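Here's the structure, in structure tokens; my notes come after.
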Protein chains: 2
Amino acid sequence: MIRNLTEHDKEHLQEALVKSGQKVTPQREAVFTVLLAERDHPTVDEVFNRAREVMPGLSLATVYNCLETFVGCGLVRQVNHERESTRYCPNLAPHAHFRDKETGQVHDIELPPDVMKSLRSILPPGFDSEVIEISFLGRAQAKDSHSN
Amino acid sequence: MIRNLTEHDKEHLQEALVKSGQKVTPQREAVFTVLLAERDHPTVDEVFNRAREVMPGLSLATVYNCLETFVGCGLVRQVNHERESTRYCPNLAPHAHFRDKETGQVHDIELPPDVMKSLRSILPPGFDSEVIEISFLGRAQAKDSHSN
DNA sequence: CTTGCGGATTAGACTCATTCTAATTGAGTT
DNA sequence: AACTCAATTAGAATGAGTCTAATCCGCAAG
């Protein structure tokens, strides 16, 4: 179910960690592997349970720590909907999130540069934004179960 | 500090409540008054404290109930940022939210119809969205302290 | 070697927004 | 005056996330 990291992904992880003064540890590799294996925006608990299959001693606190570290060095994004549990997403390309009202599934929606630009343009002078979050809520005709 | 509802706002409240089979109660009037008095996107706790000045016996559970009811009949919107406490906003026009990283203040950003349309247009076929949430995070040159 | 250092990991306690529960109130009826 | 049914209430319960203090582990210095 959970494959090992490809050489490429391993380098990606290592580079990002080292660049922000963090170490590569077995726990971090395991958590990162889980994130890449199934890109369905898992919650911390889901990551925890999946990672335990591969590293049974892993603790929940460590999963929180790893994910926080990854966010800190730009390896993954947090995804929040209302006040539900935070989900995690290794897709780094700019994208919005679509949440299916029925299934709860989260899908990535590609965000073309011109839409980004038009969004930025609605900010009145004096407002300077680093992060823009866009989330849709609705229903999706099931097609591919995951989100990319 | 907290003025009474204008006749107009009172009718607005009454109409929305009755239309969805709810009753007008003193508690609901008090909470709605608080929301309209200062449009700074208060948290439940802030609403609670402000409303207590006017109705000391009011309970926190009731504030939660009232706000939930208001959301249900379209009188107010919930505003969430990451996993912080939910805030409430009586601005019904389509708008985005800008959250100041430093002060935590939330400002409303008007959302022109063509931007809404271009956003809707990025959804692949099969995706049908009712609600779009857009939130900016950044720094705002203080100007008017409230949002609206 | 083996000792010491500092970051990473861990279990479990803690926080705090929100929800739930069960009892009470109160307005409008019969 | 008794009924009814939603709204209100206080306090308990939930649960995601954070904090704490102890342990672990890789690595560099002696």
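Note on naming: letters A, B, ... go to the chains in the order of the sequence lines (proteins, then strands), and numbering restarts at 1 for each one. All values derive from a computational prediction rather than experimental measurement.
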Backbone N or O of Tyr88(B) within a donor-acceptor pair of the His41(B) side chain at under 3.5 Å?
no
Report whether Met116(B) and Leu111(A) are members of the same hydrophobic cluster (ILVMFWY, side-chain heavy atoms less than 4.5 Å apart, transitive linking).
yes
Heavy atoms only: give me the nearest Val76(B)-Leu67(B) pair and the separation to one decimal.
CG2-O, 4.4 Å
Mind checking side chain to side chain donor-acceptor pair (under 3.5 Å) for Glu110(B) and listing every partner two or more places apart, or none if nothing turns up?
none
Do NZ/NE/NH1/NH2 and the carboxylate oxygens of Asp40(A) and Arg50(A) come within less than 4.0 Å?
yes
What residues, two or more places apart in sequence or in another chain, satisfy salt bridge (Lys or Arg N to Asp or Glu O under 4.0 Å) together with Arg28(A)?
none
Partners of Ser59(B) by side chain to side chain donor-acceptor pair (under 3.5 Å), sequence neighbours excluded?
Thr62(B)
Sequence neighbours excluded, the answer for salt bridge (Lys or Arg N to Asp or Glu O under 4.0 Å) partners of Arg83(B) is none
What residues from residues 17-28 of chain B pass a heavy-atom cutoff of under 4.0 Å to DNA chain C?
none
Please check if any side-chain donor atom of Arg77(A) sits under 3.5 Å from a side-chain acceptor atom of His95(A), or the reverse.
yes
Determine whether a donor-acceptor pair (N or O, by modelled atom type, separation under 3.5 Å) exists between the side chain of Asp100(B) and the backbone of Gln105(B).
no
For DNA chain C, which residues in residues 57-66 of chain A have a heavy atom at a distance below 4.0 Å?
Gly57(A), Leu58(A), Ser59(A), Ala61(A), Thr62(A), Asn65(A)
If hydrophobic residues (ILVMFWY) are linked whenever their side-chain heavy atoms come closer than 4.5 Å, directly or via other members, who joins Val131(A) in its cluster?
Leu137(B)
Contacts of Asn80(B) meeting side chain to side chain donor-acceptor pair (under 3.5 Å) (sequence neighbours excluded), chain-then-number -> Thr86(B)
Could you list who else is in Leu92(A)'s hydrophobic cluster, with ILVMFWY side chains joined at under 4.5 Å, directly or through other members?
none
Could you list where the contact with chain B starts and ends along DNA chain C, reading 5' to 3', using a 4.0 Å heavy-atom cut-off?
dA17(C) to dT19(C)
Neighbours of DNA chain D within residues 71-86 of chain A, by heavy-atom distance under 4.0 Å
Ser85(A), Thr86(A)
Span of DNA chain D, from the first to the last nucleotide whose atoms fall under 4.0 Å of chain B heavy atoms:
dA7(D) to dG17(D)
I'd like to know if Arg139(B) pairs up with Glu130(A) as an ion pair, taking the criterion as any Lys NZ or Arg NE/NH1/NH2 lying under 4.0 Å from an Asp or Glu carboxylate oxygen.
no
Ion pair Glu84(A)/Arg99(A), N-O distance below 4.0 Å:
yes
